[in-house]
Structure formats: structure tokens, C-alpha cells
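As the structure is a prediction and not an experimental result, all values here were calculated from the model.
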Amino acid sequence: MRPVELTAPETVQDALAQPATPVAGGTTLVDLMKLNVLAPRHVLDINALPLRGIDTADGLRIGALERMSDVAAHPGVYPMISRALLLSASQQLRNMASIGGNLLQRTRCTYFRDVEMPCNKREPGSGCPALEGANRMHAVLGTSDSCVATHASDVAVAFTALDAELRLISEAGERTVKLADFYRLPGDSPEVENDLRPGELIAEVVVPRLDWASRSTYVKVRDRQSYEFALGSAAVALDVQDEKIADARVAVGGVATVPWRLSAVEAALRGAPATLESFEDAAALAAEGARPLASNGFKVPLLRRTVVRALLELTEGSH
């Protein structure tokens with residue numbers, strides 16, 4: 001690691017006035033600094049800022065500096081959010097990592113994290129060795145010829161399914177952006193991963209009220225049950241009335257370059273009976289547009305099965 005200047009502002013105004021790299025839990029940034037993937041000269045410890053709180057009065061508002069473990073344990077948090085957080089990391093990491101930091105974490109692509117290898121995210125125009133190299137963990141949806149790295153966050157998948165928004169603050173004021181629009185597909189510029197502008201901070205996550213999201217879950221498939229990143233995951237909420245699906249929310253992770261909302265699957269579920277056959281018919285649409293690579297073609301059927309498993313988890317024993 002190179003020497004860095006560290007400051008710890010106590011007010012939002014002071015923090016926004018300093019051009020620097022913010023750090024909260026540090027569970028991503030410090031790792032990447034140790035690997036020399038990132039080398040910020042000035043780091044801003046934002047832990048003293050009043051960007052905390054969990055408000056469930058109308059919908060759900062979560063301060064960006066809330067720790068993952070505290071959000072997961074809160075009784076007013078929708079099950080899919082809590083479960084996504086609990087399956088994200090070890091207890092120690094959940095106690096340190098912030099919600100805002102989790103949403104901004106960088107990909108776990110081994111080529112990105114190895115400075116001896118080319119990577120278009122790290123060095124635009126240098127190439128993407130994952131296209132022809134070790135790509136078992138990589139994306140099959142939302143990819144481009146420049147990048148096939150998966151998005152790492154679990155809770156971002158749940159937030160995307162729930163139409164969450166981010167409140168962003170800067171010296172120029174504040175703005176609100178839907179999380180689904182915040183993340184950028186790699187296209188020809190994979191180094192631009194999101195819509196966070198210079199000098200902006202995530203202030204809070206805002207989830208619209210959705211009463212039937214109390215019937216929701218997050219299923220994560222991985223190589224081992226202990227702390228590991230997803231091969232495939234599904235965040236699902238269902239509104240079932242008279243054994244028919246009145247509405248559904250479905251998003252998936254571990255298979256795409258951004259948290260991936262499955263609108264076609266949702267549409268197929270609406271009005272259908274809550275049966276295995278209906279779930280399988282809808283899940284057949286989950287991998288539309290997939291571009292598997294040499295070693296990750298298994299993710300296409302895995303994606304479909306993961307969606308079905310989540311749907312069954314919400315309905316078995318209910319009729």
C-alpha cells in the first residue's frame with residue numbers, strides 16, 4: 001500500500017467539500033488498496049456523518065452508514081433484504097460493512113483484482129482476458145465484448161426487485177436515482193460502473209412501501225454454504241390471492257453484470273396459478289438474451305432452477 005492522507009470530517013458539509021475517496025467499513029476499499037488495484041491519495045473516513053437510521057413509517061428508508069448486520073436484524077425490513085444480507089458475508093464483515101459501501105463494492109473478477117493482468121475496468125482498452133480465460137464465475141447476462149464481470153452485491157439484487165431508490169447528496173444539492181438506473185451495463189466503458197458523480201455520497205436507500213413483500217425470500221446458490229459469492233441468486237416477492245399470483249417481483253444476481261430484474265418472468269407469473277408448472281413456465285424466460293462463455297454455460301439452467309426454488313420456498317405449504 002502507498003501512503004495515504006486520512007481525514008475524518010464530522011459534518012456532511014465538510015465531507016462534501018473535500019475531494020477524496022470515502023471509506024466507511026472499509027471491507028472492500030482496504031482490500032483493493034492492499035492489492036494496489038486502487039491507490040487513493042486522500043481517504044475520507046465518513047463514519048461520523050449522520051447518515052444512519054432505519055425508518056419504516058412509510059415504506060423503508062435505510063441510512064447509507066447503517067451496518068449490514070443491524071439492517072438484517074431490524075424487524076421492519078422485508079425478508080428478502082434481511083436474507084440477502086445474512087447470506088452476504090461472515091458475521092464479522094456484516095458488523096463492519098455499511099449498506100452504502102455494499103452497493104458500491106467492486107467486482108470480484110480475479111482479473112480485475114490482479115494488477116499483473118489486463119482488465120478494461122482497471123485499465124480501459126487493455127482487454128478482457130475473462131472472455132477466453134477462466135470464466136466460470138462470470139456473467140451470462142448484460143455482458144459486452146469489453147467486460148463479463150458479475151456484480152458482487154447480494155442486497156442490491158433485493159433492492160432492485162423492490163424498486164429501491166438512492167438519495168444522493170453533493171455540494172450542488174441532492175437527487176434521487178432508481179437503483180436499477182444507477183448501475184451501468186459495461187458496454188464499451190466498463191470502467192464506469194454506476195451513476196455516482198464526483199463529489200457525491202449515497203445518503204440513504206429508499207424502498208417504496210409494498211405490503212405483500214412480507215412474503216419474500218432470497219435464494220443464493222454458491223460453491224459452499226459458508227461465506228462465498230453467488231453462482232446464481234434470486235430475490236422474489238409474491239402476492240398470492242385465492243391460489244393465484246396477483247403480482248410478483250423477481251430479480252437475480254451472480255449471473256449478470258448488474259443486479260438483473262426479470263420483468264418477463266414477473267409478467268408471466270401474474271394471473272397464473274401458484275403451481276410448480278406455472279413457476280417453471282415463467283422461469284423459462286429468465287435467461288433470455290444470455291451469452292454464456294466456455295465455462296459458465298451451466299449458469300443458464302441454474303438461473304432458471306434458482307428462480308423456481310425461490311418461488312416454491314414462498315408457496316409450499318400455503319395451499
Side-chain angles (χ1 to χ4, degrees), residues 1 8 22-35 37-38 43 45-56 60-110 112-113 137 150-162 164 166 179 202 204-205 207 213-214 216-237 251-255 259 306 309-310 313-314:
M1 291 177 62
V23 63
T27 56
T28 291
L29 178 63
V30 174
D31 277 353
L32 294 177
M33 290 173 65
K34 289 178 178 178
L35 294 170
V37 174
L38 297 179
V43 173
D45 181 345
I46 61 174
N47 283 293
L49 303 186
L51 303 178
R52 300 183 185 274
I54 303 173
D55 185 352
T56 60
L60 178 63
R61 305 180 80 95
I62 303 171
L65 288 178
E66 283 293 329
R67 289 334 194 211
M68 291 169 60
S69 54
D70 293 331
V71 177
H74 195 282
V77 169
Y78 296 123
M80 69 159 65
I81 296 174
S82 179
R83 188 169 173 80
L85 289 168
L86 291 172
L87 293 173
S88 291
S90 67
Q91 181 68 55
Q92 295 92 332
L93 286 172
R94 296 198 302 271
N95 288 342
M96 287 291 296
S98 68
I99 289 294
N102 183 279
L103 297 179
L104 292 175
Q105 68 179 295
R106 308 298 297 275
T107 181
R108 294 290 162 159
C109 173
T110 53
F112 170 74
R113 296 169 68 86
M137 296 292 292
T150 54
H151 192 269
S153 173
D154 288 293
V155 76
V157 179
F159 283 145
T160 296
L162 293 168
L166 299 181
L179 189 63
I202 298 176
E204 66 177 354
V205 182
V207 181
S214 58
S216 65
T217 192
Y218 184 77
V219 171
K220 181 175 181 178
V221 179
R222 45 194 171 170
D223 283 324
R224 59 183 183 182
Q225 284 301 306
S226 59
Y227 172 40
E228 183 61 276
F229 292 90
L231 291 171
S233 67
V236 176
V252 292
V255 294
T306 303
R309 177 177 157 189
E313 187 174 297
L314 292 177

Original post:
Rounded to the nearest 0.5 Å, what separation is found between the CD1 atom of Ile46 and the CG atom of Leu51?
Top reply: 6.5 Å
**OP:** Measure the shortest side-chain to side-chain distance between Leu60 and Ile54 over non-hydrogen atoms and say whether it is less than 4.5 angstrom.
**Re:** yes
**OP:** Check whether any side-chain heavy atom of Arg106 sits under 4.5 Å from a side-chain heavy atom of Leu38, and report yes or no.
**Re:** yes
Original post:
Counting distance only, does the side-chain N/O of Lys220 pair as donor-acceptor with the main-chain N or O of Glu228 below 3.5 Å?
Top reply: yes
Original post:
So, Ser233 side chain and Gly253 main chain: donor-acceptor pair closer than 3.5 Å or not?
Top reply: yes
Original post:
Between Arg222 (side chain) and Gln225 (backbone), is there a donor-acceptor pair under 3.5 Å?
Top reply: yes
**OP:** Would you check if Leu166 and Val205 make a side-chain contact, meaning some heavy-atom pair closer than 4.5 Å?
**Re:** yes
Original post:
Of the non-hydrogen atoms in Ala251 and Ala161, which two are nearest, and what is the gap between them?
Top reply: CB-CB, 3.7 Å
**OP:** Kindly say whether Leu65 contributes a backbone atom to a donor-acceptor pair with the side chain of Arg52 at under 3.5 angstrom?
**Re:** yes
Original post:
Would you say the side chain of Met68 lies within less than 4.5 Å of the side chain of Val155, judging by non-hydrogen atoms?
Top reply: no
**OP:** Measure from the side-chain N and O atoms of Ser88 to the backbone N and O of Asp154, and report whether any donor-acceptor pair falls under 3.5 Å.
**Re:** no
Subject >> Residues in salt bridge (charged side-chain N to carboxylate O under 4.0 Å, His left out) contact with Arg67, at least two apart in sequence or another chain >> reply: none
Original post:
Any side-chain heavy atom of Thr306 within less than 4.5 Å of one from Val252?
Top reply: no
Original post:
Side chains of Ile99 and Phe159: does their closest heavy-atom pair fall under 4.5 Å?
Top reply: yes
**OP:** Measure the shortest side-chain to side-chain distance between Asp31 and Arg113 over non-hydrogen atoms and say whether it is less than 4.5 angstrom.
**Re:** yes
Subject >> Closest heavy-atom pair and its distance - Val255, Gly232 >> reply: CG1-CA, 4.1 Å
Original post:
Can you name the nearest heavy-atom pair linking Ala24 to Asn47, along with the distance?
Top reply: O-ND2, 3.0 Å
**OP:** Check the pair Leu32 / Phe112 against side chain to side chain contact (heavy atoms under 4.5 Å, CB included), numbers first and verdict last.
**Re:** CA-CA 10 Å; Leu32 294 177; Phe112 170 74; 4.2 Å; yes
Original post:
When rounded to the nearest 0.5 angstrom, what is the spacing between CD1 in Ile81 and NE2 in His74?
Top reply: 11.5 Å
Subject >> Side-chain heavy atoms of Leu231 within contact of Met137, under 4.5 Å >> reply: yes
**OP:** Mind checking the OG-CG spacing from Ser98 to Asp70? Nearest 0.5 Å is all I need.
**Re:** 11.5 Å
Subject >> Test item: Thr107 side-chain N/O and Thr150 main-chain N/O as donor-acceptor pair under 3.5 Å >> reply: yes
Subject >> Taking every non-hydrogen atom, the tightest pair across Ala213 and Leu162 >> reply: CB-CD2, 3.8 Å
Original post:
Does Arg61 reach the main-chain N or O of Asp55 with its side chain, forming a donor-acceptor pair under 3.5 Å?
Top reply: no
Original post:
Short question: side chain of Arg94, backbone of Leu86 - any donor-acceptor pair under 3.5 Å?
Top reply: yes
Subject >> Pairwise distance CG(Leu103) to CD1(Ile62) - rounded to 0.5 angstrom >> reply: 9.0 Å
Original post:
So which heavy atom on Tyr218 is nearest to which on Ala235, and how close?
Top reply: CD1-CB, 3.7 Å
